[in-house]
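Notes to accompany the following structure.
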Amino acid sequence: MRTKIVAGNWKMNNNYEDSIKLAKDIESKAANLNLNNTRVIVAPTFVNLKGVKDSLGNASVEVVAQNMHQAKNGAYTGEISAEMLQSIGIKTVILGHSERRTYFNETDEALAEKINTVLENNMEAIFCFGEVLEDRKSDNHFNVVESQIKKALFHLKDADWKSIVLAYEPVWAIGTGETASPEQAQDMHAFIRNLVASKYGDAIADNVSILYGGSVKPSNAQEIFSKPDVDGGLIGGAALNVDDFMGIITAAANL
Ligand code: PGA
């Protein structure tokens, strides 16, 4: 059975105290839920990673990074390495978020290198991709997603896939309040799973968790997550409010 995941991407929000409070609130509320094998993840900004991690008492809420540099170390002012993350106990990193691609010019080629660094360090990647509105309107969305996945991931070996989580995030749905319909999400997730199967076979494709991201809220989570190829969500805005985030976690846990 595939692992269900609900991950909160806090982006550049929450100062130190707010981050710790939010994480602890999530942890205490999650303790009262039957998570039913759902992984609960939060991704604070770099400076708050260690504080949030240290403030949590057990492993029921995982703390992950929002980005990472591909190089081992060196003259990359302002960047963070895999080793640095690991030295504070961070094992998972979000890569390729559309905001990184758009505002910080992250290319598919750089992302392929970042994925390699994740694997060399025995870490896990939540790899994000998705089309912009023009691609969707011109019916080019499947081609765009295929190209993003092939360029960043199709050099992997079979065994590497146990360290990869996929996150389909149509750019037109991120932070806009506009969500892909459950059918649009399912169509794309099935396409992605078939694409992985075409190169790596059914067993690997069946095991990879594919998250949906883009304006997921408590009111739409259940319908989206109930689709067969949707294995949870990557949540932005609604992850900043404990009740909204718990509502989304509950929707995944109840499946
Ligand atoms: P959103 O963001 O939920 O605010 O649309 C999703 C994301 O960027 O991961």
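Predicted, not measured: the structure shown is a model, and the values here were computed from it. Whatever order the structure lists ligands and atoms in, that order sets their numbers, starting from 1.
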Show me the donor-acceptor pairs, under 3.5 Å and distance only, between side chains in residues 34-42 and residues at least two apart or in other chains.
from: Asn34; atom 1: OD1; to: Asn36; atom 2: N; distance (Å): 3.0
from: Asn36; atom 1: ND2; to: Ala253; atom 2: O; distance (Å): 2.8
from: Asn36; atom 1: ND2; to: Leu255; atom 2: O; distance (Å): 3.1
from: Thr38; atom 1: OG1; to: Leu35; atom 2: O; distance (Å): 2.7
from: Arg39; atom 1: NE; to: Glu62; atom 2: OE1; distance (Å): 3.4
from: Arg39; atom 1: NE; to: Glu62; atom 2: OE2; distance (Å): 2.8
from: Arg39; atom 1: NH1; to: Glu124; atom 2: OE2; distance (Å): 2.9
from: Arg39; atom 1: NH2; to: Glu62; atom 2: OE1; distance (Å): 2.8
from: Arg39; atom 1: NH2; to: Glu124; atom 2: OE1; distance (Å): 2.8

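The aromatic rings of Phe142 and Phe191 sit tilted, their planes meeting at an angle between 30° and 60°. Taking the six-membered ring where the residue is Trp, Tyr212 and His189 present tilted rings, their angle falling between 30° and 60°.
Remark: Arg193 engages Asp229, Asp231 in a side chain to side chain donor-acceptor pair (under 3.5 Å) (not counting sequence neighbours).
Within the structure, the side-chain hydrogen bond (donor to acceptor under 3.5 Å, both in side chains) test picks out no pair touching residues 157-166 (sequence neighbours left out).
Lys21 and Asp25 are joined by a salt bridge, as a carboxylate oxygen and a charged side-chain nitrogen come within less than 4.0 angstrom of each other.
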What does the contact table look like for ligand 1 (nitrogen or oxygen on each side, cut-off under 3.5 Å)?
from: ligand 1; atom 1: 2 (O); to: Lys11; atom 2: NZ; distance (Å): 3.4
from: ligand 1; atom 1: 2 (O); to: Gly236; atom 2: N; distance (Å): 3.4
from: ligand 1; atom 1: 3 (O); to: Ser215; atom 2: N; distance (Å): 3.4
from: ligand 1; atom 1: 3 (O); to: Gly236; atom 2: N; distance (Å): 2.8
from: ligand 1; atom 1: 4 (O); to: Gly237; atom 2: N; distance (Å): 2.8
from: ligand 1; atom 1: 5 (O); to: Gly175; atom 2: N; distance (Å): 2.6
from: ligand 1; atom 1: 5 (O); to: Ser215; atom 2: N; distance (Å): 2.7
from: ligand 1; atom 1: 8 (O); to: Lys11; atom 2: NZ; distance (Å): 2.7
from: ligand 1; atom 1: 8 (O); to: His97; atom 2: NE2; distance (Å): 2.6
from: ligand 1; atom 1: 9 (O); to: His97; atom 2: NE2; distance (Å): 3.3
from: ligand 1; atom 1: 9 (O); to: Glu169; atom 2: OE1; distance (Å): 3.4
from: ligand 1; atom 1: 9 (O); to: Glu169; atom 2: OE2; distance (Å): 2.6

